[in-house]
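In what follows, every chain begins at residue 1, and chains take the letters A, B, ... in the order their sequences are listed.
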Amino acid sequence: MDFLSQIINGLGIGSIYALVALGYSMVYGIVQLINFAHGDIIMVGAYVTYVVLVVAGAPLWVAILASILFCTFAGVLIERVAYRRLLNMNAPRISLLITAIGVSIFLENLSQLLFTSSGKSMPNLFPNQLLGLGEVQISSISLINISTSVILMVLLQILVNKTKIGKAMRATSEDADAAKLMGINTNTTIAFTFGIGSALAAVGAVLYCSAYPMITPYMGGMLGLKAFVAAVLGGIGSIPGAMLGGYLIGIAESLTKAAGGSQITDAVVFGILIIILLFKPAGLLGKNVQEKV
Amino acid sequence: MGVMLSVKNLEVYYGSIHAIKGISFEVEEGEIVTLIGANGAGKTTTLHSISGLVKPKSGEITFCGNDLRSTDAHKIIQLGLAQVPEGRRIFAKMTVQENLEMGAYIRKDSNIQEDYERVFQRLPRLKERRRQLAGTLSGGEQQMLAIGRALMCNPKMLLLDEPSMGLSPLLVNEIFHIIRDVNESGVTVLLVEQNAKKALEIASRAYVLETGAIAMQGDADELSNDEKVRKAYLGG
């Protein structure tokens, strides 16, 4: 049952893409911005975990909590400093996109300055064991990843669909001016969205470091790009879509590697993106409720 | 009975376009006042200036003694001024119920349940469809939802922007009936309309807006008998 093992392996990695993809998707949903700095939040989360755990010697749960809090704060701060003014002036989306790329490069260079460009190796975060279920081999890390991502997605769905702030997020994403007329502070709502997305990226960072224990200032680049692909593949703006996209990409990668194609995994991932978008331009779960006029 | 909303010498520019050229008008407590005029006369711009979505260049806007120009758009509803925007602007991907919840967003009291019932009583068609996505409603139902949503904050005053737009004559009658009904329950109304005939029927006073300036004003009855108004807005 090597095939099934590879699927679960892929779901494990896909969970990380999925968590990061949620941030891209939520931010896009609310302000139509591809926040290219989002991938670098993973890197920020990884370094915070490293500093608290290794340099300061704190317990793992403290490091994880610190990473989540720091990234939430960083996400809110980036929105406040780099994007809010542009959003409120209704700047062209291309200006926002360029700003996002600027923030991304800024973060990468800043961490290079602070930690040098040579990688740091992270100790084992979670016990890594191979569990045998009959003939299927599952690593404990895959199980941790999958369960974390599923739990967080369920919590996120509850937040977005059932809570007041979640409904305000949806109202703002549909029509920010109408939301203002209802008394919704759209600036706060947007900042909250950036914060939640960054918190999820921090969790993604911890999971990533437990699977690939080497961190560098540029680690967010490819990982962020793949998560972005996952978000588009699933239908950007859709929470279940981001999860589905993440899992699919993880599985595609894992199967390609198992088939001996380690060299071409990225080509396969982006090839799948191109093919799916040709047939479903809005992504797998992307949908448009047509408004009657 | 005092002045509830007062606009003085309002000037609005879009870039170099002088959209509103120093208009002044007032709405007294309990009235229905209508602002009529052709497409592009500046009606919506005027409403957006009041609700803070457009920043005027100069002029004064006061509501119940509060300076609205220095109030953030999302805080204006807290003063008791709600708006039913042009084109309804309901949240299409949210349910009817959730749209009404958004209307009650600023409220922290516990009587919201009673207000849902009141809105449903006034607009029974919404009750049947409360679990439905708002985008699937018909145009008339969407307009009713937009009105119901604005009423959920228990406003002192309602701004309505072209509520009759795109509706069949039968539905227009129904909407205007609802507006009158809302007014009789104690809500002051500022109604912006292209359908001057209907608007003048329910309004007590009216202002005629032409290319960003007030061309005429007076009692609704007088204006509907005025030769110029009849020619330009009432089809002879």
Side-chain angles (χ1 to χ4, degrees), chain A residues 25-26 28-32 84-85 87-92 157-193 235-241 282-283 285-293, chain B residues 44 47-48 50-55 71-95 97-108 132-143 146 149-150 152-153 155 158-159 161 165-167:
Chain A
S25 209
M26 286 166 63
Y28 182 84
I30 203 159
V31 288
Q32 286 76 51
R84 182 172 297 180
R85 205 177 137 73
L87 288 169
N88 287 344
M89 289 192 311
N90 244 328
Q157 282 285 27
I158 294 172
L159 175 89
V160 169
N161 289 314
K162 302 288 175 210
T163 67
K164 195 168 179 180
I165 180 80
K167 287 174 189 172
M169 284 162 67
R170 284 158 61 208
T172 305
S173 85
E174 258 199 70
D175 189 334
D177 276 348
K180 278 182 208 163
L181 293 178
M182 303 298 113
I184 295 169
N185 185 339
T186 51
N187 283 336
T188 312
T189 309
I190 291 166
F192 183 83
T193 307
I236 196 152
S238 154
I239 289 173
L285 300 185
K287 57 180 178 216
N288 284 318
V289 177
Q290 285 299 324
E291 201 172 336
K292 288 187 191 164
V293 182
Chain B
T44 296
L47 278 201
H48 280 185
I50 297 171
S51 53
L53 296 180
V54 166
K55 295 287 164 215
T71 309
D72 286 337
H74 71 270
K75 288 191 177 145
I76 285 175
I77 192 171
Q78 292 174 5
L79 303 171
L81 182 59
Q83 184 174 343
V84 180
E86 183 182 14
R88 332 190 221 287
R89 309 278 287 264
I90 48 140
F91 302 115
K93 294 179 203 164
M94 299 173 85
T95 64
Q97 173 81 28
E98 285 173 331
N99 268 272
L100 295 176
E101 282 173 36
M102 290 298 101
Y105 186 80
I106 55 162
R107 291 181 54 181
K108 294 185 173 71
Q132 213 170 306
L133 288 185
T136 64
L137 299 183
S138 71
E141 289 162 346
Q142 290 191 7
Q143 188 62 62
R149 183 178 68 173
M152 281 305 295
C153 68
L158 202 55
L159 307 177
D161 196 350
M165 192 163 74
L167 299 185

Asker: Between A/Thr186, A/Asp177, A/Asn187, which has the largest tally of heavy atom pairs under 4.5 Å with chain B?
Answerer: A/Asp177

Asker: Check whether B/Leu53 gets within reach of chain A through its side chain, its backbone, both or neither, counting any heavy atom under 4.5 Å.
Answerer: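 Contact with chain A is through the side chain of B/Leu53 alone.
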
Asker: List in chain and number order the residues that pass salt bridge (charged side-chain N to carboxylate O under 4.0 Å, His left out) with B/Glu86, two or more places apart in sequence or in another chain; answer none if no residue qualifies.
Answerer: none

Asker: Using a strict cut-off of less than 4.0 Å between a Lys/Arg side-chain nitrogen and an Asp/Glu carboxylate oxygen, indicate whether B/Glu101 and A/Lys164 qualify as a salt bridge.
Answerer: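 Salt bridge flag = no for A/Lys164 with B/Glu101.
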
Asker: Counting heavy-atom pairs under 4.5 Å to chain A, which of B/Met102, B/Met152, B/Gln83 comes out on top?
Answerer: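 Of B/Met102, B/Met152, B/Gln83, B/Met102 has the most heavy-atom pairs under 4.5 Å with chain A.
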
Asker: Going by side-chain contact (heavy atoms from CB on, under 4.5 Å), name the residues that satisfy it together with B/Ile106, two or more places apart in sequence or in a different chain.
Answerer: B/Ile77, B/Gln78, B/Cys153

Asker: Among A/Ala178, A/Ala179, A/Ala171, who wins on heavy-atom pairs under 4.5 Å with chain B?
Answerer: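 Greatest number of close heavy-atom pairs with chain B: A/Ala171.
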
Asker: For B/Tyr105, does the six-membered ring have the charged nitrogen or CZ of B/Arg149 within the cation-pi criterion, i.e. under 6.0 angstrom from the centroid and within 45° of the normal?
Answerer: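 Geometry flag: not set, cation outside 6.0 Å or 45°.
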
